[in-house]
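In this text, all values refer to a predicted model and were calculated from it rather than measured experimentally.
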Amino acid sequence: MARYQAGETAAFQELYTRYAPRLEGLMRRLLYRKEEAADLVQQTFLHLHRARNDFRTGALLRPWLFTIALNLKRKHFRTVARRPTSELGEIDPAGSDPGPGDSLERSEDQAAVRAALAQLPAGTREVIELHWVEGLPFAEVAQAVGASLSAVKVRAHRGYKV
């Protein structure tokens with residue numbers, strides 16, 4: 001990030017290559033269409049670009065980037081909730097397009113995990129997605145969701161318990 005702030009354009013490509021797949025995975029968990037997830041990832045990097053000079057040197061980039069992504073995801077859901085849905089035919093209820101190599105069992109497991117996550121409250125779901133699915137340590141999850149470390153641990157415990 002320091003190289004990108006210094007004006008090195010190749011550094012942005014490196015950041016995108018490193019973080020875009022993880023962000024897309026995060027966005028796909030509750031979005032039905034790949035296009036929506038890809039659009040939110042693009043918006044995340046647009047926000048990163050616009051706010052690159054606000055990033056504090058020495059701070060961790062991953063929680064900052066995930067905070068931007070989560071805020072965009074929340075905004076997306078607020079916007080979608082306000083308008084009627086007329087494109088139900090385009091929605092993939094499983095949330096992903098299984099490839100030819102995916103087994104039926106794996107697809108069923110993924111659907112079960114998505115269904116379980118969808119039943120959790122939004123705050124708990126975000127913590128579990130970031131910690132368990134994305135592999136972020138609790139300290140970075142706390143930064144990303146804007147909560148204390150102990151609150152994040154409590155949310156995760158409650159979510160895992162369910």
Side-chain angles (χ1 to χ4, degrees), residues 1-6 8-34 36-78 94-96 98-99 102 105-162:
M1 185 62 184
R3 290 183 5 230
Y4 180 54
Q5 286 177 310
E8 188 178 321
T9 55
F12 181 82
Q13 182 61 40
E14 186 176 329
L15 290 171
Y16 187 85
T17 302
R18 182 179 300 171
Y19 290 106
R22 294 186 77 188
L23 289 171
E24 189 161 345
L26 176 69
M27 297 300 184
R28 289 288 314 270
R29 294 219 176 43
L30 288 175
L31 295 171
Y32 293 115
R33 287 180 259 161
K34 283 183 179 182
E36 288 178 332
D39 186 47
L40 289 176
V41 170
Q42 293 294 324
Q43 288 181 40
T44 300
F45 281 96
L46 178 62
H47 282 281
L48 170 88
H49 171 71
R50 288 179 179 162
R52 68 187 177 280
N53 295 323
D54 296 335
F55 183 74
R56 291 186 332 262
T57 304
L60 295 174
L61 175 64
R62 189 168 54 176
W64 188 65
L65 191 59
F66 275 77
T67 300
I68 293 170
L70 288 172
N71 287 338
L72 287 168
K73 187 175 179 182
R74 289 181 197 118
K75 181 181 176 186
H76 173 77
F77 279 120
R78 283 192 305 267
S96 68
D102 286 343
E105 184 177 309
R106 182 174 174 189
S107 296
E108 289 173 354
D109 288 346
Q110 290 174 343
V113 169
R114 272 193 295 280
L117 285 172
Q119 299 301 317
L120 296 173
T124 303
R125 182 177 53 247
E126 286 177 347
V127 166
I128 290 176
E129 286 176 347
L130 292 172
H131 180 258
W132 184 61
V133 180
E134 294 299 326
L136 268 65
F138 280 124
E140 290 184 22
V141 173
Q143 283 183 316
V145 299
S148 69
L149 180 61
S150 58
V152 164
K153 287 181 178 181
V154 167
R155 288 181 197 172
H157 175 73
R158 288 180 181 158
Y160 290 139
K161 200 172 170 182
V162 174

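- Partners of Thr9 according to the side chain to side chain donor-acceptor pair (under 3.5 Å) rule, which considers only residues two or more places apart in sequence or in another chain, do not exist here.
- Leu46 meets the side-chain contact (heavy atoms from CB on, under 4.5 Å) test with Arg50; sequence neighbours excluded.
- For the side-chain contact (heavy atoms from CB on, under 4.5 Å) test, residues two or more places apart in sequence or in another chain that qualify with His49 are Tyr4, Arg52.
- By the side-chain contact (heavy atoms from CB on, under 4.5 Å) test, Glu8 is found to be paired with Arg3, Ala10, Ala11, residues two or more places apart in sequence or in another chain being considered.
- When Glu24, Glu129, Glu126 are each tested for a salt bridge (charged side-chain N to carboxylate O under 4.0 Å, His left out) with Lys73, only one passes: Glu129.
- Between Phe66 and Leu23 there is a side-chain heavy-atom pair separated by less than 4.5 Å.
- Heavy atoms of other residues, nucleotides or ligands lying less than 6.0 angstrom from CZ of Arg158 number 12 at most.
- In terms of the side chain to side chain donor-acceptor pair (under 3.5 Å) criterion, residue partners of Gln43 (sequence neighbours excluded) are, by chain and number, Asp39.
- Put simply, the side chain of Gln5 gets close to the backbone of Phe55: a donor and an acceptor are under 3.5 Å apart.
- To the nearest 0.5 Å, atom CG of residue Leu65 and atom CE of residue Met1 are 8.5 Å apart.
- Taking both residues in full, the closest heavy atoms of Val152 and Ala147 are given as CG2-CB, 4.0 Å, listed atom of the first, atom of the second, then distance.
- Residues passing the side-chain contact (heavy atoms from CB on, under 4.5 Å) test with Asn71 are Thr67, Arg74, sequence neighbours excluded.
- Summarising the geometry, atom OG1 belonging to Thr44 is positioned 9.0 Å from atom CG belonging to Leu70; distances are rounded to the nearest 0.5 Å.
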